[in-house]
2 protein chains.
Amino acid sequence: MNVVPVILSGGTGSRLWPASRQQTPKQLLPLVDHRTMLLTTLERAAAVPGAGDPIIVANADQRGAIEAELDAVGWTGTRVILEPVGRNTAPALAVAALDTHDDPLLLVLPADHVIADEAEFVAAVGVGARLAEQGYLVTFGIMPTRPETGYGYIEVGEALGEGANAVARFKEKPDAETAERYLTDGRHLWNSGMFLFAAGRYLEELEQHRPDVLDAARSALARAKDDGTAVILDADSMERAPSVSIDYAVMEPTTRAAVVPLDAGWTDVGSWKALWAIGATDDDGNVVDGDVELIDVRNSLVRSHGRLIAVIGLEGVVVVDTPDATLVSSIDRVQDVKALVDRLTELGRTEVERIDRDGGS
Amino acid sequence: MNVVPVILSGGTGSRLWPASRQQTPKQLLPLVDHRTMLLTTLERAAAVPGAGDPIIVANADQRGAIEAELDAVGWTGTRVILEPVGRNTAPALAVAALDTHDDPLLLVLPADHVIADEAEFVAAVGVGARLAEQGYLVTFGIMPTRPETGYGYIEVGEALGEGANAVARFKEKPDAETAERYLTDGRHLWNSGMFLFAAGRYLEELEQHRPDVLDAARSALARAKDDGTAVILDADSMERAPSVSIDYAVMEPTTRAAVVPLDAGWTDVGSWKALWAIGATDDDGNVVDGDVELIDVRNSLVRSHGRLIAVIGLEGVVVVDTPDATLVSSIDRVQDVKALVDRLTELGRTEVERIDRDGGS
């Protein structure tokens, strides 16, 4: 089995602002432990039997941070493909598929996921590989643990041997009532955004359903500049590429979608509350990082970035300090961080792009 | 009438940490408006008819900040007396009294009070001056506006002409029940710490009740160093001086204490909640200063010091940012800031002494 991990590092993780910035998004930060999520994703992929050198597809803005990370851990052999402009997952994966040789299996992993149980993950990939070698396009479906309305769902169809099923259909993000039903009916899984398929099969499906995506990807790669350390895709071609996800472009229209259920402590670290939930708590339910003093604080996430952060008499708050911006939020309102970042972007604030180490003052 | 304002700038204002530090305590910060409380106190005193050049008695740590402030506003003629070590108000005022000539009235004003109605203040000082010229030691009593347990009280005695009374007795900080009674019985005023008396009368009372304080003050002044811009009291003499307040040393034992009620929008800005209460609020009850973005925030105080501070979905919080420390507190728990500062002092943290502009990181 020849498996090429394709690590998607396109997102900016704006819900984890102010730690996450466009140039150093959450996957490039040591948010969960002392390692970045990009690195733990690379290591997770490397644990898969038959895994070869990985491909990272990233926003060109992130180049410096990614190269620094790879240099630091000595991860040579990694191919870095940079998008001057992001066009969602379908074009990115088309480029990755076109960039490989000998039709390997592509193991597609977003760079910003956390999976606690690596053995379980590797086992699921093994199940998926069997199907992918038969020409299936495999998605990994997460066993829901709450009535989440922020994810798409996969309705499970007929069994395809042990530990895998056909996909009956993909479901949009549900309302709360529907999400409750999905949680208990045993037939719905979260659409994780992790995939496994043969490179050639993905390109065949694109050719059939979205030849425009394939054309743009071919052009972007043909006109790319390879400067020895990274492949920079052609900006004009990428600008022309339709912005579409692999879900819409291929997984929904294909007749050969399969799903492998995964119950391995998965989280996409989609918010500060999610990070609090997976963090190591003290006796008062607090997750603390850095130079922090607490007096009567409970169920809170407090992260210092050098300076002293003191919190008194609060429950369920998030305090995230950086050199040039500090967030203080109710832990139940952290989804609004995205709206905040949108507002700051409209205002032209540089605090959404990068951290100013001089602290803005 | 010859009045010498004596501005007491001894306190460190630890309840207003992290803005207030030992070297730049709250009276030396533009907390209430763009001017420092020291400056507004000097201006308030200067508005009193007959007021001459003021004396500032301050902690020697504050020298740099005080001189910078006086230079900036061109307040020449101010006499600055520096204490190498603080010994409460009785010795400080003894030194000030000994430092004057021709037995002026001393108008004693802590440097960290805010008084909204200056005309009312000046009128009350006029009433007090009449009594002080008759040999009374006058204290200004604040009309209570809430059942405050954090202040001492003055029980009002017989009338001494219009707008003044003898002091029946001084009362310690009351419990909540007693404070409620004081609020409504019409006979109790807050002990503000503002006084007016002839310099010679104060020294007479000290000679009678606390000659040890007077001896130490004489020695501290006799051995002081005057370097042209400030008088630095003798450290050994001040070390030897008893640490005692004017209230205990003189006002309680004297038979000639008078009180002038003052209803002029007084506050000692004793906490972040007090600062919130006197601040200009937006439509949501927030008092905001600096680079701040709020989403669904109410009844809160948020102060930035250069960097961007974003707050989401909270009510009744205090966020105070400085280059090297940030405080986040429930507004109803801001009294605990003092306990926090005590803890930081025990830990030997420099963040209680001065602001590190490099931000600690």
Side-chain angles (χ1 to χ4, degrees), chain A residues 15 17-18 272 290-298 300 302-344 346-347 349-352 355-361, chain B residues 15 17-18 272 290-298 300 302-344 346-347 349-352 355-361:
Chain A
R15 283 189 179 81
W17 186 90
W272 288 116
D291 191 2
V292 171
E293 288 284 333
L294 305 179
I295 295 180
D296 288 343
V297 174
R298 284 178 232 301
S300 294
V302 184
R303 297 178 67 93
S304 161
H305 189 286
R307 105 189 72 246
L308 171 63
I309 307 295
V311 188
I312 299 175
L314 289 168
E315 176 150 9
V317 295
V318 168
V319 181
V320 179
D321 172 61
T322 72
D324 63 352
T326 301
L327 170 72
V328 181
S329 175
S330 163
I331 203 165
D332 292 323
R333 291 291 301 276
V334 291
Q335 293 298 333
D336 288 285
V337 173
K338 185 173 188 312
L340 172 71
V341 170
D342 290 345
R343 186 201 284 185
L344 295 174
E346 272 174 35
L347 293 170
R349 302 283 311 229
T350 58
E351 288 88 349
V352 298
I355 289 178
D356 174 4
R357 306 260 153 209
D358 289 337
S361 55
Chain B
R15 282 188 180 80
W17 185 90
W272 288 117
D291 190 2
V292 171
E293 289 284 332
L294 305 179
I295 295 180
D296 288 343
V297 174
R298 286 178 230 302
S300 294
V302 184
R303 298 177 67 93
S304 161
H305 189 285
R307 105 189 72 247
L308 170 63
I309 308 295
V311 188
I312 299 176
L314 289 167
E315 175 148 13
V317 294
V318 168
V319 181
V320 179
D321 171 61
T322 72
D324 62 353
T326 300
L327 171 72
V328 180
S329 175
S330 162
I331 203 166
D332 291 323
R333 291 291 301 277
V334 291
Q335 292 298 332
D336 289 286
V337 174
K338 185 174 188 310
L340 172 71
V341 170
D342 290 346
R343 185 201 286 187
L344 295 174
E346 272 173 35
L347 293 171
R349 302 283 311 228
T350 57
E351 289 88 348
V352 298
I355 289 178
D356 174 4
R357 306 259 153 212
D358 290 334
S361 55

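Order of the sequence lines fixes the chain letters, A, B, ..., with proteins taken first and strands second; residue numbering starts at 1 for each chain. Values reported hereafter were calculated over all heavy atoms of this structure, with side chains retained and with hydrogens, waters and symmetry mates removed.
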Kindly say whether A:V317 contributes a backbone atom to a donor-acceptor pair with the side chain of A:S300 at under 3.5 angstrom?
yes
Examine whether an atom of A:V302 lies under 4.5 Å from a heavy atom of chain B, and if so say whether it belongs to the side chain, the backbone or both; otherwise answer neither.
neither
Part of B:V319 within contact of chain A (heavy atom distance under 4.5 Å)
side chain
Residue part contacting chain A, namely of B:S304, when any heavy atom lies under 4.5 Å
neither
With chain A, the option among B:S330, B:A310, B:G316 that has the most non-hydrogen atom pairs under 4.5 Å is B:A310
Expected output: side-chain B:D296 to main-chain B:G313 donor-acceptor under 3.5 Å:
no
Exam field: side chain B:R307 to backbone B:T322, donor-acceptor pair closer than 3.5 Å:
yes
Let me know if B:L294 has heavy atoms under 4.5 Å from chain A in its side chain, its backbone, both or neither.
backbone
Any side-chain heavy atom of A:E293 sitting closer than 4.5 Å to one from A:L308?
yes
What part of B:D291 lies closer than 4.5 angstrom to a heavy atom of chain A: side chain, backbone, both or neither?
side chain
Could you tell me whether a side-chain N or O of A:S329 sits under 3.5 Å from a main-chain N or O of B:V311, the two making a donor and an acceptor?
no
Would you say the side-chain atoms of B:W17 pair up with the backbone N or O of B:E351, donor to acceptor, closer than 3.5 Å?
yes
At a 4.5 Å cut-off on heavy atoms, which part of B:V318 comes close to chain A: side chain, backbone, both, or neither?
neither
